[in-house]
Protein chains: 2
Amino acid sequence: MDLLTGQTRAFVLHFGEMGSRWGFNRTVGQMLALLTVHGEPLNADQLAEALRVSRGNVSMGLKELQAWRLIELRHRPGDRKDYFTAAGSIWDMARTVFEERRKRELDPTLSLLRQLLLNEPDNEREAAAQEKMRQVYDLLELLDQFANTLSRLDERDLLKLMKLGSGVTRLLELREKVKGGVAGKTDR
Amino acid sequence: MDLLTGQTRAFVLHFGEMGSRWGFNRTVGQMLALLTVHGEPLNADQLAEALRVSRGNVSMGLKELQAWRLIELRHRPGDRKDYFTAAGSIWDMARTVFEERRKRELDPTLSLLRQLLLNEPDNEREAAAQEKMRQVYDLLELLDQFANTLSRLDERDLLKLMKLGSGVTRLLELREKVKGGVAGKTDR
DNA sequence: TAGAATTTTCAAAAATTTCTGAAAGTTCAA
DNA sequence: TTGAACTTTCAGAAATTTTTGAAAATTCTA
């Protein structure tokens with residue numbers, strides 16, 4: 001049966017195209033999209049047939065999606081094949097992708113910069129460059145922590161925060177007032 | 001003169017590698033890194049020599065960085081060459097990259113999903129798929145708005161917010177109390 | 001324990017992206 | 001105008017990433 005019809009088809013193909021921007025290749029993007037909109041678990045052959053890609057490609061894609069923890073293995077009684085579904089809700093999925101990207105896009109750079117900033121600069125030019133690097137480091141470090149904070153919020157709070165809109169400014173002012181003189185308690 | 005020494009070298013090469021994860025290719029990543037840590041404006045020949053890439057490659061890279069509005073054209077008296085520097089502060093840069101990525105990673109998908117959700121589903125399966133697509137849409141829409149809100153915050157507020165850490169939970173509670181019965185004013 | 005069913009691996013092919021460098025285009029001073 | 005100083009373009013080359021599919025590995029049943 002053709003699983004790739006109508007809107008599902010458009011959705012899956014689009015996710016394939018966007019895949020590269022989101023950190024995976026076309027096939028992986030398509031697989032994730034199909035498993036997401038198709039409620040029932042699918043096996044590797046079904047995926048390969050629906051997406052018209054090789055069995056090997058599907059196998060690698062499944063491995064990658066499992067590494068991201070975006071899909072779950074299922075078994076059906078009397079069937080030896082491995083079946084897979086999208087793991088968790090759309091929110092869970094977004095959270096996972098967000099977290100994984102934070103790791104890939106921030107951590108390596110933070111770790112390099114920490115290293116570099118330990119060295120004494122050799123000359124005037126390097127000293128100036130190091131100053132810039134420190135600024136980059138401080139910003140990325142802050143971003144990383146913020147991303148972490150967001151990752152840890154439960155869904156209710158995250159939703160509240162995201163819906164604040166420009167109200168966030170007012171809320172920050174409100175905090176200033178309430179907090180009064182108690183100097184910058186940042187609590188980690 | 002060799003601009004690529006010591007820590008600057010390591011920094012620039014690393015940014016080249018990370019480039020692809022951040023949405024540009026290696027040369028563009030290296031160019032941006034070099035222009036960022038090197039305080040003074042550089043011309044295309046200097047960039048090509050320092051990074052050991054072709055003149056044509058540098059020309060394309062400069063065009064792309066200008067399209068991102070990450071670099072600025074400068075002129076020096078008595079010199080016909082075009083010189084470039086990183087535009088604005090590190091914060092400005094981060095903001096620009098953030099904003100540009102939001103556009104590339106969210107907008108096309110939002111626009112496709114808006115389209116798809118207008119159609120009546122053809123059958124039961126498509127209806128179920130559409131329901132999932134709506135969930136994806138709602139989440140991405142919310143994310144997009146939140147990203148927008150963050151983009152618009154001034155540096156002071158952004159800093160405050162990012163430094164809140166887990167304090168953000170308490171702040172949200174605080175809001176509940178103060179707001180009292182005034183039902184969900186979200187203000188866009 | 002054999003062998004059928006299934007999944008994984010990985011070398012080579014295909015597709016895609018990036019880079020080069022010569023040629024074409026532009027700008028400016030004289 | 002001319003031509004020297006620059007910059008941009010873009011077809012083809014090189015590098016990189018993705019995909020294929022046959023062979024190897026694994027797992028299960030009988």
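Below, chains carry the letters A, B, ... as their sequence lines are ordered, and counting in each starts from 1.
Residue A:S54 places its side chain closer to D:dT19 than to any other of C:dC19, C:dT7, D:dT19. For A:M60, whose side chain is taken as the heavy atoms from C-beta onward, the closest listed nucleotide among C:dT7, C:dT20, D:dT19 is D:dT19. Nearest to the side chain of A:D82, among C:dT7, D:dT9, C:dT16, sits C:dT7. In this structure, the nucleotide among C:dT8, C:dC19, C:dT16 sitting nearest to the side chain of B:T27 is C:dC19.
Residue B:R80 places a side-chain atom within donor-acceptor reach of the base of C:dT27, judged by atom type and a 3.5 Å distance cut-off alone.
At whole-Å resolution of the value, CZ in A:F24 and P in D:dT19 are 13 Å apart. Distance CG (A:D79) to C1' (C:dA4): 15 Å, rounded to an integer number of Å. One can place CG of B:L47 at 15 Å from P of D:dC6, the figure rounded to the nearest angstrom. If you take CZ of B:R76 and C1' of D:dA5, they are 18 Å apart, rounded to a whole angstrom. In this structure, A:H75 places its NE2 atom 8 Å from P of D:dC28, rounding to the nearest Å. Distance CD (B:E17) to C1' (C:dT18): 13 Å, rounded to an integer number of Å. B:E64 has its CD atom 13 Å from the P atom of C:dT17, to the nearest Å. Rounded to whole angstrom, the span from the CG atom of A:L62 across to the C1' atom of C:dT6 amounts to 13 Å.
Along DNA chain C, the nucleotide closest to A:R26 and the one closest to A:S59 are compared, and the more 5′ of them pairs with A:S59. Each of A:S20 and A:K81 was assigned the nucleotide of DNA chain C with the nearest heavy atom; the assignment lying further toward the 5' end belongs to A:K81.
Dashed line: the shortest gap from a side-chain N or O of B:N25 to OP1 or OP2 of C:dC19 is under 4.0 Å. Between B:K63 and D:dT7 there is no side-chain polar atom (N or O) within less than 4.0 angstrom of OP1 or OP2. The phosphate of D:dT20 has OP1 or OP2 within less than 4.0 Å of a side-chain N or O from A:N57. The side chain of A:R55 places an N or O atom within less than 4.0 Å of a non-bridging phosphate oxygen (OP1 or OP2) of C:dT7. Between D:dT19 and A:R52, no contact under 4.0 Å exists linking OP1 or OP2 to a side-chain N or O.
Look at B:E100 and B:K103 and you find a salt bridge, because one of the NZ, NE, NH1 or NH2 atoms lies within 4.0 Å of a carboxylate O, short of that distance.
A:V53 approaches A:V58 most closely through the heavy-atom pair CG2-CG2, 3.7 Å.
Tracing side-chain contacts under 4.5 Å through hydrophobic residues (I, L, V, M, F, W, Y), one never reaches A:L65 starting from A:M60; they form parts of separate clusters.
Between the side chains of A:D92 and A:S89, at least one donor-acceptor pair of N or O atoms lies under 3.5 Å. In this structure, a donor-acceptor pair under 3.5 Å is absent between the side chains of A:E126 and A:Q130.
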